[in-house]
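Here is the structure we will look at, set down as structure tokens.
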Number of protein chains: 2
Amino acid sequence: MVPRLVSRWPLGLLRGCPGWRLAARAPGAPGEQSRRPRGPLKAGGAGDPACRGCSSTSRAPEVTPTRLRYPVQRLPFSEVSAEDLAAFERIVPGRVITDPLELEASNVDWLKMVRGCSQVLLRPRTTDEVSHILRHCYERNLAVTPQGGNTGMVGGSVPVFDEIILSTALMNQVLSFHSVSGILECQAGCILEELSQYVEARDFIMPLDLGAKGSCHIGGNVATNAGGLRFLRYGSLRGTVLGLEVVLADGTILNCLTSLRKDNTGYDLKQLFIGSEGTLGVITAVSILCPPRPKAVNVAFLGCPGFTEVLQTFTTCKAMVGEILSAFEFMDAKCMELVRQHLGLASPVQGDGNLHLNVTAEAFSASLLGALEPYVYAWTAEQRGSVSAEHGLGFKKRDVLGYSKPSAAVQLMRQLKLLLDPRGILNPYKTLPSQA
Amino acid sequence: MVPRLVSRWPLGLLRGCPGWRLAARAPGAPGEQSRRPRGPLKAGGAGDPACRGCSSTSRAPEVTPTRLRYPVQRLPFSEVSAEDLAAFERIVPGRVITDPLELEASNVDWLKMVRGCSQVLLRPRTTDEVSHILRHCYERNLAVTPQGGNTGMVGGSVPVFDEIILSTALMNQVLSFHSVSGILECQAGCILEELSQYVEARDFIMPLDLGAKGSCHIGGNVATNAGGLRFLRYGSLRGTVLGLEVVLADGTILNCLTSLRKDNTGYDLKQLFIGSEGTLGVITAVSILCPPRPKAVNVAFLGCPGFTEVLQTFTTCKAMVGEILSAFEFMDAKCMELVRQHLGLASPVQGDGNLHLNVTAEAFSASLLGALEPYVYAWTAEQRGSVSAEHGLGFKKRDVLGYSKPSAAVQLMRQLKLLLDPRGILNPYKTLPSQA
């Protein structure tokens, strides 16, 4: 087995401010932007008799349960009882899913690398319903995994054990749109592509765009602080998200759904929830600033003799067109050739400011991954890079947080988690490192 | 006395997303942008024998001590002893200021509305010095007011009683600048205008600009989440600030001085400190993204027959030039006339997305202010506006937070304060409402 390392350097942000996004994939694995499922996910689950509560079907025997694949121990949360199910049925009548077949897609991530064993999926429609659900779970010490479109890269949106899945799929209403300012207020479960269509019909665009737009939810985008194709031009969600409504672990509704661009009244609490991957609260509604739709979009494909010239081209473009430059990406010749050869993509030009390190090998190998990852993370830390760029930590990368953040910061993060979710019921086993 | 209400509507953000900035001024008071002091402040203090520790001079008898003008009670912090002074002298030798004359300018805000009675001003040069100072203060239960350029509007940067003033004035070193990405790392006490000159010589500009740029510090800008003249084009500091170094109340140094635009590794702790007005930690260094210097700046002054046409003009401009539109401001004819007449400004065109409500009267009247403010704040809350826009709460507006934020949010803010500063020594009497 001869692993090949391929680098694709999208220069949205260039050296000096790189965000390293690292992934090791087997050949034939889906390319991130091109093959991300655009409809509801239909990944198979099950096939593991040891995973209590999961059905045993032959559809996707390859997805090993997370608890078997990774060294992780279930925390002492309660188990869902018949009384709990009855209580949920009273809160969201007809929207308590316990059929194992229906649960499969929500137990497995789209990369098919992690798989939980949840036996209950809840589909609230309103913030009040989310509040009642969480109040019940908090009192009963039941763990909860909030789930949007389940398109994340790091296993943040599926349960690890038997956490209750709280889906935002039915929270898909636009609440308001202001045709002069371009401010959209909507529920967290709105699908990004549908929001795009909604605002484009009104001569605006969403300030973010992703390959997963056909299935990802705006609430999930905010919870993971998604970057995407328009980051260079319109900036991060920390600027474009104007307000949030969030339900805290104990069911308290925190209404910070303002539509103000300037509102320095107290601490900006919404920032706590942006990018916290559902571990500090459940986002139920979003207020977001949409830019006017550009009159035209132009793409230039340039060939440069060397990396120095790539940097010069970026500087020149940025100076000439300013903030109108939406994206800038660089791929080397070797990378283009390998992507064409291994992934069968006719035109590999897609992309946002990270080093995409793709390792191709004959088959997935845990030992190869185990040998590569510490080296790559240590090197990334040495360059003052991020081990996760815009993808977050989720389940898979929580234990490498220390490469990118000092211990005082990790300690403060733990204190914030304890403050906001003292029983730790919200998306456990995610974001924060496992306690040694 | 016939108060006249004048509205100036800068349409950076327009109706639907207004940030109401409210102030009542006597005629002849300085206009915010035009008369803000650009050198070190030389406001007189003292003149009040009841204010222990302040010298009694005749230079500025008009500035009533805050504790006499406002209903506020000193909290049970320790008082600075000779042993404390000796300890400070060991930490910052030669930079412990106790001369009442030297302290005057730091005890009074530039609006001359609030005045503290601090007897000690410390001028650290390094983060380690700040850390040692705070560790000592934390152990001794001494209250501290961090101070940058002291140019704020809400009394956030001066002591209320005898808090120790921790000045960032000597923390004025540029740490690094990256000529391709435009990322600047500098200490918190760098003066905004000097940073502007530094990056402009390298073909970049600072992403913010303020009338107070000649004296305000970048650390203070970040601590108050300053808006300013470039907000519309380059967005808020929450997007352009890439990293912060902060010293916590107990002296812990939190190094989040990354230069990454995408770094979703754990919670984004720096957001806690942006806009928290020195109440959660002392910002000691800043990493900030500077945009390329525009090739040209054009200003158009247009006359519109009515407000509908103003909105149409804004929409058209934004659609035509996109993010290159830096600012958009609207003043009605009555406003221009009154500003010219009362404030003696030849050209009143300056400005960022708020309703500037200027009330002109023969003299300052506490009873007029007391009659107007609750009405204006209640009306603002009804319109879902902010009672402070970009100016923060500081001392003067902390008790009106409830107009803009629900009680669950205020409660969470209090919990965050308690978590990060359990003894409450950092900038007490600011931001959070006084406990009833």
Side-chain angles (χ1 to χ4, degrees), chain A residues 13-14 16-17 19 178 180-181 183 224-225 227 233 235-236 238-239 252 254-256 258-269 271-272 275-276 292 294 311 315 318-319 322-324 353-354 384 386-393 401 404-406 408-410 412-413 415-416 419 431, chain B residues 13-14 16-17 19 178 180-181 183 224-225 227 233 235-236 238-239 252 254-256 258-269 271-272 275-276 292 294 311 315 318-319 322-324 353-354 384 386-393 401 404-406 408-410 412-413 415-416 419 431:
Chain A
L13 313 161
L14 287 169
C17 50
H178 192 278
V180 173
S181 63
I183 294 171
T224 56
N225 191 25
R233 179 163 182 174
S236 99
R238 296 196 177 275
T252 300
L254 194 67
N255 184 352
C256 297
T258 169
S259 294
L260 299 162
R261 289 194 69 181
K262 293 181 174 178
D263 180 27
N264 285 338
T265 50
Y267 309 144
D268 190 0
L269 298 176
Q271 301 291 345
L272 273 175
S276 67
L311 294 182
T315 309
K318 190 78 185 143
E323 285 63 47
I324 285 177
N354 317 295
R384 299 180 67 194
S386 163
V387 294
S388 200
E390 78 271 37
H391 285 164
L393 298 168
L401 172 58
S404 286
K405 291 290 158 66
V410 177
L412 182 51
M413 291 179 201
Q415 291 173 310
L416 286 169
L419 172 67
T431 307
Chain B
L13 314 163
L14 287 168
C17 49
H178 192 278
V180 173
S181 63
I183 293 171
T224 56
N225 191 26
R233 177 163 181 175
S236 100
R238 297 196 177 275
T252 300
L254 193 68
N255 184 350
C256 296
T258 171
S259 294
L260 299 162
R261 289 194 69 183
K262 292 182 175 179
D263 179 26
N264 284 339
T265 50
Y267 310 144
D268 190 0
L269 297 177
Q271 301 291 345
L272 273 175
S276 67
L311 294 181
T315 309
K318 190 76 183 146
E323 285 64 46
I324 285 177
N354 318 296
R384 299 181 65 193
S386 163
V387 293
S388 200
E390 79 273 36
H391 285 164
L393 298 169
L401 172 58
S404 285
K405 292 291 158 65
V410 177
L412 182 51
M413 290 180 201
Q415 290 173 310
L416 286 169
L419 172 67
T431 307

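Lettering of chains follows the sequences in order, A, B, ..., and the numbering in each one begins at 1.
For the set B/T252, B/L272, B/L412, B/N255, the count of heavy-atom pairs under 4.5 angstrom toward chain A peaks at B/L412. For the set A/V410, A/L419, A/T431, the count of heavy-atom pairs under 4.5 angstrom toward chain B peaks at A/L419.
Interface remark: B/K318 contributes backbone and side-chain atoms alike to the contact with chain A (heavy atom separation under 4.5 Å). Contacts between B/L416 and chain A at a heavy-atom distance below 4.5 Å involve backbone atoms as well as side-chain atoms. Looking at B/S276, both its backbone and its side chain come within 4.5 Å of chain A, counting heavy atoms on both sides.
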**Request:** Evaluate side chain to side chain contact (heavy atoms under 4.5 Å, CB included) for A/N225 paired with B/D268, printing each intermediate quantity in order.
**Result:** CA-CA 10 Å; A/N225 191 25; B/D268 190 0; 5.7 Å; no
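Counting all heavy atoms, side chain and backbone alike, A/T265 lies closest to B/L401 at O-CD1, 3.5 Å. The shortest heavy-atom contact between B/G266 and A/M413 is CA-SD, 3.8 Å.
For A/T224, the side chain to side chain contact (heavy atoms under 4.5 Å, CB included) partners two or more places apart in sequence, or in a different chain, are A/A226. Residues meeting the side chain to side chain contact (heavy atoms under 4.5 Å, CB included) test with A/P406, sequence neighbours left out: A/A409.
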